[in-house]
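Throughout, protein chains are lettered first and strands after them, A, B, ... in sequence-line order, and every chain is numbered starting at 1. Atom set for the values below is all heavy atoms of this structure, side chains included, hydrogens, waters and symmetry mates excluded. What you see is a predicted model; the values in this text were computed from it and never measured.
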Amino acid sequence: MVSFECMFEWIEELNPEQSEAVMAEDRHLLVVAGAGTGKTRTLACRVARLLADGVRPERILLLTFSRRAAREMTLRAGQLAEFGGAPRVWGGTFHAIAHRLLRQHGEAVGLRTGFTVLDQSDATDLLGLVRHDLGLGEQGRRFAKKDTLASIYSRTVNAQRPLIEVVDESYPWCRRDVGAIGTVFNGYLERKRLGNVVDFDDLLLYWRALAQSPRLGLLLQTTFEHILVDEFQDTNALQADIVAAMAGPNVSVAAVGDDAQAIYGFRSGSARHMSEFPQRFPGARIVRLVRNYRSTPDILDVANNVMAAATAPGDLDTKYLRAERPPGVRPQLAACVDELAQSSFVCDLVLENREQGIALREQAVLFRTGHHSDGLELELARRNIPFVKFGGLRFLEAAHIKDVLALLRLLDNPTDELAWRRILALMNGVGPATIRRLLEELEVGTPQALTRLLGPECPRFPPSALADLSGVSAALGDCVADDLPPADQIERLALACVPLFNRRYPATAKVRLADIEHLRIMATDYRSRSRFLAEMTLDPPSATSDLAGAPHLDDDYLVLSTIHSAKGGEWRCVHIIHAADGNIPSDMALGSPEELEEERRLMYVGVTRARDNLAISYPIRFYVARSGSASNAWGDAHTYGQPSRFLDATTAVLDSISVGEVTVERDPVAPELAALWS
DNA sequence: CATTTATAAATTTTT
DNA sequence: TTTATAAATG
């Protein structure tokens, strides 16, 4: 009961609007809450209030969009309900809850048991296979590439709009090929069904189908009494449909959101669904939270000025935040000579802050895209400043991790074509043509494919692959019964991977095997192989600070994060780097006014993460070409950066400083030489 | 004949 | 770092 009392102490500290949101007895509730207005706390308190009123925890569903938010909410609200192993509040991302429900009831909507969830890169690869098999993208024909196909697909499905409209609006250069794109999508659907796999979008689609089905819909509508949804401004049409379909006659829906923080347009999220909430859920009480308790007025001045020029203020306007805190320190805008200067500026500031008693984990560095932190990561490593990076490339994206997971997936679902392909391609002397033949002869698509590989009916492999084959088969044979714990299975499979990795990744095999050991350690908490696989797909570990060993979560570390991943978080000090025009807003997003506005909101989200200190920086000169391409070998391929256009209106409330010495502007020799032959 | 190697081109944000 | 095509190799 202790936690209940402590929760009631919180409730006493709520302001009148927050407590209205917590106590409201209306059937439906929409909380329009600006950044830093105590949204999460209000939601958690509402859950506490419901529990105190006698609602059973397992009758409460708490939906979030990001995994970070899910973790935080279930931590805060979930603790309340844990009395001696009593059932807990259902909490998680839309996708995680969908998965949980479909494992239970999936057969009712035509899903076979034992289905595998494809992550984004798997889904993209499968689209690429279909694309290739249809002979698209061959010579000269500039057909949409697999990544483009994946985003078109996801947009179409999540927005529930006709393909032609989506292509016209967002991918006009593919207009000519809509017919063929449709054909690819059909092939993709067929391929998924054949392999008994579902992608992220399918999880939502099948959940909706379940909730709308005559037989199970009623069951689901009576499973939960209260549905609470966080970050409602990021809902897409599919998710809005799901919430509506789950809301039976005796269900209350409480949604919380902020249209000024809608940043998931690329996933078809739209604040429109929030403004339509009152129509869709009639009788909803609307509560607005605008008092900001998080940031100093100095920081809010920046935030408010960023949004002042917003062209499309929503009708549920929360963008002007009222400061409740006393004045603090003026935020800084640092024009850095180059990226190196920016990196050392940030490191200096971080260390200085730590000297003043602000722990590293109270500080965050935020940026638009994953690779924007590359330079900084090098400098942090050089100065031995520990950090953890959220967003960007993940541990699981590494080829060798996918290789081992493919072996596990094969054991879990022997009809998974992608897993088969990945494993076969790892063997010596096996290429696309052999893979095609083997897939046919193994009859991948039937559950017997694995027994066929391990048994006497095993098809003929090229002689060069026989050694690899016997190693892999032996390992698969040892694990096929699934009587070993997942961690032991990984250890056994990793053994078979040693020779494969040594050949495929000669220079890095050692490091990669250490990563597999990391994977094994992560698996030790799981008792079920399929649970582990699903968890790795739906809630993969965030990228680690270093390639070796597990991150020491007890230690102090600096947080590096994309702005998208940072939403919902707050830190005493926030450093926004690469805030140059072209980065925020991204050059990619200049196509339409809507996209540009989303970038503005992104800047707003970044700024409003800060409590006490905010430093925005950008390099005046930065390289366009990424390392690895040879294009900058002759002369610098750099460009001169202007600060983000969203900061234009903030100059009066920012301290502008210059960082870095103006050294030699450019290499005097190379351009001179280049002039000789250009 | 099939596979490996070489070369050029293109690269947002998350579940 | 991936991806399509061309050349080189087994």
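The side chain to side chain contact (heavy atoms under 4.5 Å, CB included) search around A:Asn502 returns A:Val498, A:Ala509, not counting sequence neighbours. Every residue was checked against the ring-ring contact (aromatic ring centres under 6.0 Å, His included) condition with A:Tyr618, not counting sequence neighbours, and none meets it. Take A:Asp241 and apply the side-chain hydrogen bond (donor to acceptor under 3.5 Å, both in side chains) test, not counting sequence neighbours, and it matches A:Arg208, A:Arg280. Residues forming a ring-ring contact (aromatic ring centres under 6.0 Å, His included) with A:Phe532 (at least two apart in sequence, or on another chain): A:Tyr526. Residues meeting the ring-ring contact (aromatic ring centres under 6.0 Å, His included) test with A:Tyr153, sequence neighbours left out: A:Phe185, A:Tyr188. For A:Asp133, the side-chain hydrogen bond (donor to acceptor under 3.5 Å, both in side chains) partners at least two apart in sequence or on another chain are A:Arg191. With sequence neighbours left out, A:His372 forms a ring-ring contact (aromatic ring centres under 6.0 Å, His included) with A:His578. When the side-chain hydrogen bond (donor to acceptor under 3.5 Å, both in side chains) test is applied to A:Asp201, the partners found at least two apart in sequence or on another chain are A:Ser154, A:Asn158.
Straight-line distance from the NZ atom of A:Lys146 to the C1' atom of C:dT2: 7 Å, rounded to whole Å. Rounded to a whole Å, the CZ atom of A:Arg131 is 17 Å from the P atom of C:dT2. Protein atom CG of A:Leu149 is 14 Å distant from nucleotide atom C1' of C:dT3, rounded to whole Å. Nucleotide B:dT15 holds its C1' atom 9 Å from the CD atom of A:Gln239, rounded to whole Å. Rounded to whole Å, the distance from NZ on A:Lys389 to C1' on B:dT13 is 13 Å. Here the P atom of nucleotide B:dT12 and the CD1 atom of A:Ile563 are 16 Å apart, to the nearest Å. Rounded to an integer number of Å, the gap from CE of A:Met427 to P of B:dT3 is 14 Å. A:His371 places its NE2 atom 8 Å from the P atom of B:dT13, with the value rounded to the nearest Å.
Side-chain N/O atoms of A:Lys145 include one lying less than 4.0 angstrom from OP1 or OP2 on B:dT11. At the phosphate of B:dT13, neither OP1 nor OP2 sits under 4.0 Å from any side-chain N or O atom of A:Ser565. An OP1 or OP2 oxygen of B:dT15 is reached within less than 4.0 angstrom by a side-chain nitrogen or oxygen of A:Arg67.
Mapping A:Gly431 and A:Phe65 onto DNA chain B by nearest heavy atom places A:Gly431 closer to the 5' end of the strand.
A distance cut-off of 5.5 Å between ring centres, combined with a plane angle under 30°, places A:Phe266 in a stacking arrangement with the base of B:dT13.
The nucleotide whose nearest atom lies closest to any side-chain atom of A:Thr369 is, among B:dT12, B:dT3, B:dT15, B:dT12. The listed nucleotides are B:dT12, B:dT4, B:dA2; the one nearest the side chain of A:Asn428 is B:dT4. Out of B:dT3, B:dT14, B:dT13, the shortest distance to the side chain of A:Thr434 is found at B:dT3.
Near-neighbour residues of DNA chain B inside residues 91-101 of chain A, defined by a heavy atom below 4.0 Å, number-ordered: A:Thr93, A:His95.
A stem is defined here as three or more consecutive Watson-Crick or G-U pairs, each with both distances under 3.5 Å; for DNA chain B these stems are B:1-10 with C:1-10.
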Protein-nucleotides 5-9 of chain B N/O pairs under 3.5 Å:
none

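Geometric assessment of A:Arg103 against the ring of A:Phe115 yields a positive cation-pi assignment under the 6.0 Å and 45° thresholds.
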For residues 260-271 of chain A, dump all side-chain donor-acceptor pairs below 3.5 Å to protein atoms at least two apart in sequence or in another chain.
{"from": "A:Gln261", "atom 1": "OE1", "to": "A:Arg609", "atom 2": "NH2", "distance (Å)": "3.1"}
{"from": "A:Gln261", "atom 1": "NE2", "to": "A:Asp258", "atom 2": "OD2", "distance (Å)": "2.8"}
{"from": "A:Ser268", "atom 1": "OG", "to": "A:Arg155", "atom 2": "O", "distance (Å)": "3.1"}
{"from": "A:Ser270", "atom 1": "OG", "to": "A:Arg272", "atom 2": "N", "distance (Å)": "3.0"}

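A:Glu441 has no carboxylate O lying under 4.0 Å from a charged side-chain N of A:Arg460, or vice versa, which leaves the two without a salt bridge.
Under the side chain to side chain contact (heavy atoms under 4.5 Å, CB included) test applied with A:Met536, the options A:Leu408, A:Leu519, A:Asp119 reduce to a single match, A:Leu519.
Contacts of A:Glu598 with the nucleic acid, taken as non-hydrogen atoms under 4.0 Å apart, are absent.
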